[in-house]
Novice: 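Got a structure here, written out as structure tokens. Questions coming.
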Amino acid sequence: MSTPFYVSPQQAMADRAEYARKGIARGRSLVVLQYADGIVFVGENPSRALHKFSEIYDRIAFAAAGKYNEYENLRIGGVRYADLRGYTYDRDDVTARGLANVYAQTLGTIFSSAAEKPYEVELVVAEVGETPEGDQIYRLPHDGSIVDEHGSVAVGGNAEQISSYLDQRHQDGMTLAEALKLAVQALSRDTNGTQREIPAERLEVAVLDRTRPQKRKFRRITGRQLARLLEAGGASSAAEAEDESAEEE
Amino acid sequence: MDFLSEHQPELLPGNRQLPPTQGVIEAPHGTTIVAVTFSDGVVLAGDRRATMGNVIAQRDIEKVFPADEYSAVGIAGTAGLAVEMVKLFQLELEHFEKVEGTQLSLEGKANRLSTMIRSNLGMAMQGLAVVPLFAGYDLDRGKGRIFSYDVTGGRSEETGFAATGSGSIFARGAMKKLFREDLTEEQATTLVVQALYDAADDDSATGGPDVARRIYPIVTVITEDGFRRLTEDEASQIARSVLERRLEQPDGPRAALL
């Protein structure tokens, strides 16, 4: 009779984490940035039907990198949780913190249960506040931990490099066009440091806009509006460059 | 709703056990709702009164609600149940939109409301009926549409104008004489206020414009740009201009005889 190999719990967890990380790294990264009037989500997504960003509730949105069927499952779970909460109590009682906790529980349970394969997803749950100080961004890695983020966050394949790039350049109170430009710059840097062009039609952009008069603050930015914003970001940076050169003179 | 019935069925209005009762339960009832289409969309309006038997239960109740960006519901019947039904209806439309990533068609929304009214039939037979009026802008056809219901959930599309609630007979009469195909938004909003005035004139359960307390009908407009509720100022202006004319002509504008 053959005895099964002994695998230490540490080794088993490390293997599972490795598996999940590799799965996530295969997908394209996406970034979430705070700007003056809200929170912007930017990612590279060739598909127009399968979204990486979506609305969960009035002020809460969801972003995910990794395996589509797994995060879609989590997204629908989140929408159900939020809608049920809001219906049972009040719309104000649905918070990003509560939602992030539910996701952490789900991901954590799946990660440590030997019967299931770990989910190959990394999530961001963001809630826009009345003021920039009230904004909340939570990052949820595959193992069910929660990281409270400020300013900017990147998830997905190239996340570490992109987030260090963003951390150096992100400022509070950026305009939407500036934040969008920074996000695109960050996303278009390859692992080896070379730049590549991401055409506007391959970008998926969404915002939680606190200035929106409706209760639901989530809005997708597509087509002409996106092109205009990208142009505005380019123009303002060109103007800045001119200013700088003028100062030098 | 399907999800709720699986996980928390007690939250659904249709799943409650009713204790046996004798006679009619006294609960506040909402009264008159009117709707009229115009060239760019549809107007839905309601008076502000809730009655309980012969008592005015509330003077400033709100009975017209946005269902989503392009539709609205006005409720007549048992206020408590109706408000809950609207809340669940709003939730369902929003939930569908978020999960599926696309809006329900206007027909789909109207059918959904029909099912919800039908699930209330048990209550309705004990005197707690809910009879809403549903109006929306159909983005596919590019026009405003109105759906009316009966207590059993029967749904019928109305052309031009519709009314529900205790004062609806009088409101419908008024609208029949005043309605034209090519109304502008301003004319349509005036028309609904006229109709509500006529309903209040002849039906004791419908409230007229309350100038002393500054309570005016709720008027909402749904067009291609979405749902908009007239501000208090706008609504009071229409109500006051109607009232002013009525001081000279208490029965309102006269339609031509032939």
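Hydrogens, waters and symmetry mates are skipped; everything else that's a heavy atom, side chains included, is used.
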Novice: Determine whether more than 12 heavy atoms belonging to other residues, nucleotides or ligands lie under 6.0 Å from atom CD of Q225(A).
Specialist: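 Yes, enclosed.
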
Novice: With a 4.5 Å heavy-atom cut-off, do H95(B) and V79(A) have their side chains touching?
Specialist: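 Yes; the side chains approach each other to less than 4.5 Å.
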
Novice: Is E69(B) salt-bridged to K215(A), going by a charged N under 4.0 Å from an acidic O?
Specialist: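 The answer is no: the pair does not qualify as a salt bridge.
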
Novice: Could you state the interatomic distance from CZ (R216(A)) to CG (D68(B)), rounded to the nearest 0.5 Å?
Specialist: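 Reported to 0.5 Å precision, the distance equals 8.0 Å.
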
Novice: Do the side chain of R75(A) and the main chain of V99(B) share a donor and acceptor less than 3.5 angstrom apart?
Specialist: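 Checking the backbone N and O of V99(B) against the side chain of R75(A), a donor-acceptor pair under 3.5 Å is found.
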
Novice: Does atom CE of M125(B) have more than 12 heavy-atom neighbours, drawn from other residues, nucleotides or ligands, at distances under 6.0 Å?
Specialist: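 Incorrect, the count does not exceed 12.
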
Novice: Given side chains that start at C-beta, do those of Q90(B) and Y87(A) come closer than 4.5 Å, heavy atoms only?
Specialist: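 Result no, sub-4.5 Å side-chain heavy-atom pair not found.
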
Novice: Is the count of non-hydrogen atoms from other residues, nucleotides or ligands lying under 6.0 Å from R91(A) atom CZ greater than 12?
Specialist: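 Atom CZ in R91(A) is packed in, count exceeds 12.
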
Novice: Around atom CD of E186(B), are there more than 12 heavy atoms from other residues, nucleotides or ligands closer than 6.0 Å?
Specialist: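 Not buried by this count: 12 neighbours or fewer within 6.0 Å.
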
Novice: Answer with side chain, backbone, both or neither: which region of Y57(A) has an atom nearer than 4.5 Å to a non-hydrogen atom of chain B?
Specialist: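 Both the backbone and the side chain of Y57(A) come within 4.5 Å of chain B.
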
Novice: More than 12 heavy atoms of other residues, nucleotides or ligands under 6.0 Å from CD of E116(A): yes or no?
Specialist: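 Buried by this count: over 12 neighbours within 6.0 Å.
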
Novice: Against chain B, label R220(A) side chain, backbone, both or neither, depending on which of its atoms sit under 4.5 Å from a heavy atom there.
Specialist: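 Nothing of R220(A), per the 4.5 Å heavy-atom cut-off to chain B.
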
Novice: To the nearest 0.5 angstrom, please state how far the CD1 atom of I76(A) sits from the NZ atom of K98(B).
Specialist: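 These two atoms lie 12.5 Å from each other.
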
Novice: Within a reach of under 6.0 Å around CZ of R196(A), are more than 12 heavy atoms found that belong to other residues, nucleotides or ligands?
Specialist: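 Check passes, neighbour count above 12.
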
